[in-house]
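Presented below is the structure to which this report refers.
Any value given below was found using the heavy atoms of this structure, including those in side chains, with hydrogens, waters and symmetry copies removed.
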Amino acid sequence: MTGSSLGALAGQFRQGRPKRGIAAICSAHPLVLRAAIAHAVRAGTAVLIEATCNQVNHRGGYTGMLPADFAALVHAIAADEDLPRERILLGGDHLGPNPWRKQDAESAMREAEAMVTAYVAAGFTKIHLDASMGCAGEPDGLDDETTAHRAARLAAAAEKAARKHGVTPPVYIIGTEVPPPGGADHVLSVIEPTGAAAAKKTIDVHRRVFEAAGLTDAFARVIALVVQPGVEFGNGNVILYDRAKAASLSEVLAREPQFVFEAHSTDYQGRPPLRALVEDGFSILKVGPELTFALREALYALDLIASDLVEGYGERPLYHALETAMMSEPADWNRHYGGPPAEQRLQRHYSYSDRSRYYWAKPPVQVAVERLFQALSGHVVPVTLLRQHLPSRLDLAGQRLDPAAVAQEAVERVVKDYHAACHGGDKQQ
């Protein structure tokens with residue numbers, strides 16, 4: 001897949017053998033971005049990297065980055081890894097009023113228009129229009145009609161920005177998934193797929209509203225609908241894809257040749273369910289928390305190895321630095337992790353929702369990671385210590401350690417699962 005072919009996903013789904021898709025890498029962590037980009041270099045593919053409305057926006061988001069800053073970060077890493085710019089696809093996820101939903105609808109929508117404008121001006125070519133959430137005084141979830149009118153308003157802002165800045169008009173994604181992105185906050189037993197009739201109605205209403213607003217050309221670039229295929233993860237469990245339950249939903253695509261589906265919260269599914277999703281028309285697979293979960297696993301294993309191996313390193317200082325950061329600023333986890341204090345502590349560090357990912361950019365945590373890398377760099381780790389703390393990497397025994405490379409490889413293993421799912425199990429990894 002090349003940088004210009006996102007719009008060809010629907011045709012490829014109907015004609016291609018094997019069915020192909022693309023993973024959307026949703027993270028701002030530099031090591032995660034480097035892992036995804038390095039894999040694209042080796043595999044000879046494009047890489048789709050996305051930022052969310054809360055993470056990156058025209059006011060900085062929780063990362064402090066504007067859309068142009070995020071694009072610059074991705075391009076800098078790509079240049080360092082020798083990935084050509086034309087093989088980098090940038091997407092904006094859930095772009096709508098969500099960060100400002102406590103304001104009245106008009107104020108929130110003005111902010112959302114400014115955000116979408118900034119994304120398009122920064123070169124993002126895939127825009128998820130998500131105005132499904134209620135603002136102050138409105139229901140949590142809005143009806144299709146209201147959502148479509150607000151999505152059209154945002155599309156108009158995006159089209160205007162593309163003309164003003166002389167950039168290629170973006171492709172669009174419409175719809176949203178339930179529950180909200182990032183994983184559920186409780187143990188899940190079953191997730192019902194979006195109903196076929198509901199999916200068809202969402203498309204029909206958006207088509208009518210866009211055409212009435214003079215946005216027929218923009219709607220022709222709507223390539224996918226976000227639906228719930230019946231996958232999700234909670235703090236401690238994962239609901240795997242059951243294609244039989246989603247069969248009627250997949251049949252909608254036969255009547256809508258312009259579209260494929262975009263599936264969110266596909267983290268932790270593993271290769272066979274991911275491959276089944278692609279074969280059933282869920283051609284865009286979002287992944288985020290699983291990437292930083294894998295990174296955290298590797299970093300904690302290295303933290304334990306350094307604690308046992310390096311004199312004076314201390315007892316798990318990285319773990320304690322992250323714990324201190326989360327306890328000092330609990331807003332990003334305390335609404336999501338319940339139970340007694342001991343259970344909350346376990347969830348802070350080991351939940352599938354991986355809300356610790358919000359804290360890796362904190363300066364004390366960054367210092368702890370750098371100290372870990374410096375402490376272990378060049379050390380030869382005994383095989384017995386690898387068996388204890390990092391049994392998946394016994395191949396490292398007897399070698400001088402590059403801890404940053406070990407962390408990156410842990411993320412790449414997740415990326416490889418998505419590559420295999422999206423490329424029909426191609427051997428090239």
Q: Verify side-chain hydrogen bond (donor to acceptor under 3.5 Å, both in side chains) between Asp93 and Thr52, making sure each step is shown before the conclusion.
A: CA-CA 5 Å; Asp93 192 27; Thr52 69; over 6 Å; no
Q: Decide yes or no on side chain to side chain contact (heavy atoms under 4.5 Å, CB included) for Leu225 and Thr202, but give the supporting numbers first.
A: CA-CA 8 Å; Leu225 173 69; Thr202 296; 3.6 Å; yes
(Q) What verdict does the side chain to side chain contact (heavy atoms under 4.5 Å, CB included) test give for Ile25 and Val32, after you've listed the backbone C-alpha separation in whole Å, the side-chain angles of each residue and the deciding distance to 0.1 Å? (A) CA-CA 9 Å; Ile25 306 297; Val32 171; 4.2 Å; yes
Q.
Thr147 vs Asp144, test: side-chain hydrogen bond (donor to acceptor under 3.5 Å, both in side chains). Steps then yes/no.
A. CA-CA 5 Å; Thr147 298; Asp144 279 322; 5.5 Å; no
Q.
As a quick check of understanding, evaluate side chain to side chain contact (heavy atoms under 4.5 Å, CB included) for Val47 and Thr45, giving each step before the final call.
A. CA-CA 7 Å; Val47 61; Thr45 61; 5.9 Å; no
Q: Could you go through the side chain to side chain contact (heavy atoms under 4.5 Å, CB included) check for Ile49 and Leu89 one step at a time?
A: CA-CA 6 Å; Ile49 295 173; Leu89 311 175; over 6 Å; no
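Between the side chain of Arg221 and the main chain of Pro170, a donor-acceptor pair closer than 3.5 Å is present. Without hydrogens or angle criteria, His128 side chain to His94 main chain gives a donor-acceptor distance under 3.5 Å. Side chain of Gln344 to backbone of Gly339: a donor-acceptor contact under 3.5 angstrom is found. Within the 3.5 Å criterion, the main-chain N or O of Ala76 finds no donor-acceptor partner in the side chain of Asp80. Checked by atom type and distance alone, the side chain of Asp130 never pairs as donor or acceptor with a backbone atom of Gly96 at under 3.5 Å. Glu50 contributes no side-chain N or O that, together with a main-chain N or O of Leu90, makes up a donor-acceptor pair within less than 3.5 Å. Not one N or O on the side chain of Glu290 forms a donor-acceptor pair closer than 3.5 Å with the backbone of Val411. A distance-only check finds no donor-acceptor pair linking the side chain of Thr146 to the backbone of Leu142 [under 3.5 Å]. At distances below 3.5 Å, at least one donor-acceptor pair connects side-chain atoms of Arg14 with backbone N or O atoms of Leu253. Using a distance-only test at 3.5 Å, with no hydrogens or angles considered, no donor-acceptor pair links the side chain of Arg101 to the main chain of Cys135.
A distance of 11.5 Å separates NE2 in His39 from CD in Gln408, rounded to the nearest 0.5 Å. Between the OG1 atom in Thr324 and the CG atom in Leu322 there is a gap of 9.0 Å [rounded to 0.5 Å]. The distance from atom CD1 of Ile284 to atom CG of Leu48, rounded to the nearest 0.5 Å, is 7.5 Å. To the nearest 0.5 Å, atoms CZ (Arg393) and CG (Leu302) are separated by 9.5 Å. To the nearest 0.5 Å, atom OG of residue Ser356 and atom CZ of residue Arg348 are 11.0 Å apart. The distance from the CZ atom of Phe210 to the CZ atom of Arg153 is 13.5 Å, given to the nearest 0.5 Å.
Nearest heavy-atom pair across Cys422 and Leu285 is SG-CD1, 4.0 Å. Thr292 and Ser27 make their closest contact through CG2-OG, 4.1 Å (heavy atoms, listed as atom of the first residue, atom of the second, distance). Among all heavy-atom pairs drawn from Pro18 and Gln12, the shortest one is O-NE2, 3.4 Å. Minimum heavy-atom separation, Ile77 to Leu33: CD1-CB, 3.9 Å. Closest approach of Leu66 to Gly60, counting heavy atoms only: CD2-N, 3.8 Å. Closest approach of Asn57 to Asn54, counting heavy atoms only: ND2-O, 4.2 Å.
Aromatic rings of Phe282 and Phe261 (six-membered ring for Trp) have centroids within the 6.0 Å cut-off, being under it. Aromatic rings of Phe219 and His206 (six-membered ring for Trp) have centroids beyond the 6.0 Å cut-off, not under it.
Considering only heavy atoms from C-beta on, Pro169 comes within 4.5 Å of Glu159 through its side chain. Counting heavy atoms from C-beta outward, Leu376 and Ile305 have side chains that approach closer than 4.5 Å. At a threshold of 4.5 Å between non-hydrogen side-chain atoms, the residues Cys26 and Val287 do not count as touching. At a threshold of 4.5 Å between non-hydrogen side-chain atoms, the residues Cys53 and Pro99 count as touching. The closest side-chain heavy-atom distance from Leu299 to Phe373 is below 4.5 Å. When side chains are defined from C-beta on, Met109 counts as touching Leu154, because their heavy atoms get closer than 4.5 Å.
Between Glu323 and Arg345 there is no salt bridge, since none of the side-chain N atoms of the basic residue sits less than 4.0 Å from a carboxylate O of the acidic one. Salt-bridge annotation for Arg150 and Glu113: absent, with no side-chain N of the basic residue lying under 4.0 Å from a carboxylate O of the acidic one. Salt bridge status for Arg357 with Asp332: absent, with no side-chain N to carboxylate O gap under 4.0 Å. Between Asp204 and Lys201, no side-chain nitrogen of the basic residue sits less than 4.0 Å from a carboxylate oxygen of the acidic one, so the salt-bridge criterion is not met. The pair Lys200-Glu251 does not meet the salt-bridge criterion, since no charged nitrogen lies less than 4.0 angstrom from a carboxylate oxygen. Taking the charged nitrogens against the carboxylate oxygens, Glu111 and Arg59 do have a contact shorter than 4.0 Å, which makes a salt bridge. Remark: Arg208 engages Glu145 in a salt bridge, criterion side-chain N to carboxylate O under 4.0 Å.
Other residues, nucleotides and ligands contribute only 12 or fewer heavy atoms inside 6.0 Å of the CZ atom of Arg85. By the 6.0 Å contact criterion, CG on Asp140 is open, its count of non-hydrogen atoms from other residues, nucleotides or ligands being 12 or less.
Using modelled atom types and a 3.5 Å distance limit, the side chains of Thr266 and Tyr418 yield a donor-acceptor pair. A side-chain N or O of His349 and one of Tyr300 form a donor-acceptor pair less than 3.5 Å apart. A donor-acceptor pair shorter than 3.5 Å can be found between the side chains of Asp280 and Tyr241.
Ring geometry for Tyr352 versus Tyr268: interplanar angle of 30 to 60°, hence tilted. Trp100 and His58 have tilted rings, their planes meeting at an angle from 30° to 60° on a 0 to 90° scale.
Cation-pi geometry between Lys126 and Tyr172 is not satisfied (NZ or CZ under 6.0 Å from the ring centre, within 45° of the ring normal).
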N/O donor-acceptor pairs under 3.5 Å from side chains in residues 358-367, not counting sequence neighbours:
unit_1	atom_1	unit_2	atom_2	d
Tyr358	OH	Arg355	NH2	3.4
Tyr359	OH	Glu329	O	2.5
Lys362	NZ	Glu329	OE1	3.1

